[in-house]
Amino acid sequence: MSVLRGMAGWAACAAAVAVCGCRTEKGVAVKMSGAVEPSVVVKPFGKTKDGQLVHLYTLTGAGGVVMDVIDYGGKVVRLYTPDRTGKMTDITLGFNEVAGYETHDKYFGSLIGRYGNRIANGRFTLDGKTYTLPTNNDPGGVPCSLHGGDKGFDAYVWHSEPLSEGRNVGVKFTLTSPDGDQGYPGKLDVTVSYWLTPDNVWRIEYEAVTDKATPVNLTQHLYFNFKGEAEGTILDHELTLFADHITPVDKGLIPTGKLLPVKGTPFDFTTPWEIGRRINADDEQLRFGGGYDHNWVLNSKGGKLAPAAALYERTTGRFLEVWTTEPCIQFYCGNFLTDQVPGKRGKNLCHRGGLALETQHAPDSPNQPGFPSTILRPGQTYKTVTEYRFGVR
Ligand code: BGC
């Protein structure tokens, strides 16, 4: 199966797609024969602790990939893809209940906003006015605002509706973040659509409009482990990043504002490297991150859909390409994950039990005049696209 398919098949063919509100008999052995009928099935997924009803959407793509998604944070709870023998395995971290996200880790598989990654000191100045954000994170003892603050977009129940177009199926999430939400200016109307295509592409379309100038940096925080959820670390996965530079950070994981060429460093993934091979190298950046937790500046520089990353796991043959219109990607290898977190199948997770490939603008851009702007102004539309293209080798 090739994954280098560009947009072929997108919006093709007009066969009927089942969109219903009944239960599904989803097994772990969906056939990859091409005969899978694409569907979207909706059912309840419990309630948040403040009593809001959460819905679970099961998207079955015509290519066989199956994804369970909830409208609480747009979180992907389960993601089944085939290995090279066709065996389907859940390759993402998540929880069986809403309480798992509320208790253990709200970012698993989640949409992230209003600002993905960190803003230094929880503060930025825009058009002469200084805004203060909650400081909900302090790596290296330095406070910052992470992933939108105390209640980021990950913690909202979004309005949701099923999508179908030809043999593509999906779910559309919408959210209105009020003026002043977590300290950010402007009412922001956000729409995020997840699509599963017949060629096993998970396509994410992000859109937002605002009524006041505000920083916006939306991303998705899914963790991958191609051997399966709670099946050990991701250190043996082979990663390629189409990027010649990172934005190096200080001990608070805030970019210094410089660009660091990756050539000759453990950050050079321009050719495939096993993640664990150089992770313990004597390198200040690796010490700050506790491993890889950095922003790579893509050679494509954003603006058009282009390759950002590729990931491969030898024993299962699972292979992924990440394409994006964004200029950067955060590769985070789960350095803060621990074995205190229960998995979905009764096994606990572990340190580096998953890795995230978050397409984005650079962290702390609102305070970094040298970085591409993340400011959205009234009258403009924020639009980005990221595709996770699944395959095997
Ligand atoms: C960041 C990490 C952070 C993690 C939280 C990632 O996007 O890069 O530094 O700890 O999110 O889940």
Side-chain angles (χ1 to χ4, degrees), residues 73-77 92-95 100-122 133-155 204 206 217-225 229 234 239 241 243 246-256 267 269 275 279 285-297 308-309 322 324 326 328-341 343 349-365 371 374 386 388:
K75 298 178 203 303
V76 178
V77 175
T92 195
L93 311 189
F95 301 101
Y101 296 97
E102 291 174 326
T103 313
H104 297 294
D105 199 313
K106 53 188 184 172
Y107 301 129
F108 277 18
S110 197
L111 288 176
I112 302 287
R114 192 176 293 201
Y115 199 94
N117 214 279
R118 297 185 169 81
I119 295 188
N121 307 306
L133 315 169
T135 47
N136 56 338
N137 189 238
D138 61 348
V142 187
C144 66
S145 190
L146 176 68
H147 293 335
D150 289 331
K151 186 180 178 185
F153 292 177
D154 54 276
I204 311 176
Y206 301 89
N217 191 25
L218 307 178
T219 191
Q220 226 294 346
H221 195 304
L222 187 103
Y223 285 100
F224 295 102
N225 186 326
E229 181 255 0
I234 46 68
L239 179 68
L241 293 169
I246 61 166
T247 49
V249 289
D250 62 20
K251 67 173 185 174
L253 300 186
I254 300 295
T256 60
F267 291 82
F269 285 93
I275 291 166
I279 202 166
Q285 286 298 311
L286 284 172
R287 276 195 295 282
F288 286 158
Y292 297 107
D293 188 359
H294 293 78
N295 176 64
W296 271 254
V297 179
V322 184
T324 189
E326 287 280 34
C328 302
I329 193 164
Q330 185 84 12
F331 162 43
Y332 169 57
C333 69
N335 306 310
F336 295 110
L337 296 176
T338 72
D339 59 8
Q340 302 306 302
V341 181
L349 305 180
C350 66
H351 183 226
R352 299 179 178 151
L355 71 98
L357 293 167
E358 302 160 78
T359 56
Q360 60 182 12
H361 271 57
D364 198 37
S365 292
F371 289 179
T374 50
T386 293
Y388 295 90

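Remember, it's 1-based here, ligands and their atoms both numbered in the order they're listed.
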Taking only non-hydrogen atoms of Phe331, do any sit less than 4.0 angstrom from ligand 1? no
Residue [X] vicinity, atoms of ligand 1 by number, heavy atom under 4.0 Å:
| X | answer |
| --- | --- |
| Tyr223 | 12 (O) |
| Glu358 | 6 (C), 7 (O) |
| Gln330 | 8 (O) |

Give yes or no for whether the N/O distance cutoff of 3.5 Å, strictly under, is met between Asp105 and ligand 1.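 By distance alone, the answer is no.
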Any N/O pair Tyr107/ligand 1 closer than 3.5 Å: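 N/O-N/O distance under 3.5 Å: no.
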Can you report which non-hydrogen protein atom sits closest to [atom], along with the distance?
| atom | value |
| --- | --- |
| atom 10 (O) of ligand 1 | Phe336 CD1, 3.1 Å |
| atom 4 (C) of ligand 1 | His221 NE2, 3.6 Å |
| atom 3 (C) of ligand 1 | Arg118 NH2, 3.8 Å |
| atom 2 (C) of ligand 1 | Asp293 OD2, 3.2 Å |

When the aromatic ring centroids of Tyr107 and Tyr223 are compared, is their separation below 6.0 Å? no
How about Phe108 and Tyr101: are their ring centres within less than 6.0 Å of each other?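 That pair fails the under 6.0 Å test.
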Using a 4.5 Å cut-off on heavy atoms from C-beta on, say whether the side chain of Phe95 contacts that of Lys75. no
Is the closest side-chain heavy-atom distance between Ser110 and His147 below 4.5 Å? no
Pick out which of Thr374, Thr386, Thr324, Asn295 makes a side-chain hydrogen bond (donor to acceptor under 3.5 Å, both in side chains) with Gln360. Asn295
Could you report the tightest heavy-atom contact between Asn225 and Gly353, atom names first, then the distance?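 Distance-wise, the nearest heavy atoms are ND2-O, 3.0 Å.
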Testing the basics here: between Val142 and Lys251, what is the closest heavy-atom pair and its distance to 0.1 Å? CG2-CE, 4.0 Å
